[in-house]
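Only one structure is covered here, and it is reproduced in the block below.
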Amino acid sequence: MISPPEPSPDGPGQDAGPDLSAVLDERRRLINVAYRLLGSLAEAEDAVQETYARWFALSRRQQEAIASPGAWLTTVAGRICLDVLGSARVRRERYVGSWLPEPLPDRDEWFGGRADGGRAGSTDPADQVTLDESVNMAFLVVLESMTPAERVAFVLHDVFRYPFAEIAEIVGRTPAACRQLASSARRRGGAGAARVPAVRTTGQAAARAGQAARAGHGGQAAQAGQAVLVRRFKEAWEARDIKALVGLLDPDATMVADGGGMVGTVLRPVEGSADIAQYLIHIADKAPGLRLLERTVNGVPGLVAQYRGVTVTVAAFGLAVDRDGRADRVERIWAVRNPEKLGPWTWTEDEPGRRASASPVLPPTLGT
């Protein structure tokens, strides 16, 4: 939670002026921007916290000289995220196995009830991320193929509709160069980048979810169809029905798992419907008592695996659609198992409102 410093008669961070509430109200928009840029809720929260720390380090005179505090905060947050992305590329070269974005639950689907335990006014960042098409796992994975500068230019322009003149202030290039960065990002991301809807934002918050994009794909009907396919997949997995699993998977399907070297999992993608089905059956056989739950993962239907009441895996799906726009097969599975990325999911069923251990004891064969 962002808290302003105590007033000081003449030093930095003194009384932030009459627009303090408006400045603090920018937090949700900044969280939305930072999560899409970084793919990590924890890193997004840190970036926004640092942004506000720099704001409150200014004197009141410096703050009053800033014509648009919201634009100033966005510029600072964007530069911080750009730095984080640059260092993240180096860290991920040393990452054990595949790196996947941090998955987010729907705000009403936290284990134990609401994320705030039923209390009003929750400030948890996961409550403040707009779950639209631009945060689904497929799109976040597409963003990982971009360079840091491309990602910043693309996300800020194509998703949040910032003008290139403002983006230029963040990346330190000309508006024309930023336009080229966004164009290069679209080419690099292919169709996945081309389909992303804009997130309409105001000075208060990121407001509109991807209604237009979802309407173009059948809206609620398409979402329901996706949920049915994920449920059939879950039931086939629970029944250890390898034939049914193969039938639900695209022949060229791919499964990627992220354990971060902290828990056992496959280090390379599993490719092909038969191999993926056999792998899933192997897990079911070696981890008796593993429970599968249907949950919303980054705004779309997914599955959560719990062992002894503790979340050990969050799975997001990329689904193929038929000519009528209905989900008919699973093309991609992204399984996040790194405990450090499961913070929003680690409420135990037996202890609502209390977080489970970040490093639960897992059966040695789970995911290996």
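- Identified under the salt bridge (Lys or Arg N to Asp or Glu O under 4.0 Å) test for residues 247-261, with sequence neighbours left out: D250-R329, D258-K341.
- Between the side chain of D322 and the backbone N or O of D328, no donor-acceptor pair lies under 3.5 Å.
- The shortest side-chain heavy-atom distance between V312 and Q306 does not fall under the 4.5 Å cut-off.
- Relative ring orientation between F160 and Y162 is described as tilted, the plane-to-plane angle lying within the 30° to 60° band.
- A salt bridge is absent between R188 and E144: the closest approach of a Lys/Arg side-chain nitrogen to an acidic carboxylate oxygen does not fall below 4.0 angstrom.
- Residues satisfying the side-chain hydrogen bond (donor to acceptor under 3.5 Å, both in side chains) test with D285, not counting sequence neighbours, are R240.
- Using modelled atom types, no side-chain atom of W72 and backbone atom of I66 make a donor-acceptor pair closer than 3.5 Å.
- Contact check on E150 versus R173 returns no salt bridge, with no Lys/Arg side-chain nitrogen under 4.0 Å from an Asp/Glu carboxylate oxygen.
- A donor-acceptor pair under 3.5 Å is absent between the side-chain atoms of T313 and the main chain of V336, judged by distance alone.
- In summary, R231 and E235 do not engage in a salt bridge, as defined by a charged side-chain N under 4.0 Å from a carboxylate O.
- Checking side-chain atoms of R337 against main-chain N and O of G264 turns up a donor-acceptor pair under 3.5 Å.
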Would R27 and E45 count as a salt bridge (Lys or Arg N to Asp or Glu O under 4.0 Å) here? Give the steps. CA-CA 10 Å; R27 180 175 184 270; E45 173 74 349; 2.8 Å; yes
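- Residues P101 and M137 have side chains in contact (heavy-atom distance under 4.5 Å, counting atoms from C-beta outward).
- Remark: R179 engages no residue in a side-chain hydrogen bond (donor to acceptor under 3.5 Å, both in side chains) (not counting sequence neighbours).
- Note: H282 and Y279 have tilted aromatic rings, judged against thresholds of 30 and 60 degrees for the angle between ring planes.
- Taking CZ of F317 as the start and CD of E331 as the end, the distance is 13.0 Å to the nearest 0.5 Å.
- Heavy atoms of other residues, nucleotides or ligands lying less than 6.0 angstrom from CZ of R268 number 12 at most.
- Residues passing the side chain to side chain contact (heavy atoms under 4.5 Å, CB included) test with Q62 are L58, S59, sequence neighbours excluded.
- For the side-chain contact (heavy atoms from CB on, under 4.5 Å) test with V76, the passing option among T74, I80, L73 is I80; the others fail.
- Annotation: side-chain hydrogen bond (donor to acceptor under 3.5 Å, both in side chains) contacts of S68 (sequence neighbours excluded): none.
- Taking Ile, Leu, Val, Met, Phe, Trp and Tyr as members and joining any whose side-chain heavy atoms lie under 4.5 Å apart, directly or through other members, L181 forms no hydrophobic cluster with any other residue.
- Using modelled atom types, no side-chain atom of Y35 and backbone atom of A42 make a donor-acceptor pair closer than 3.5 Å.
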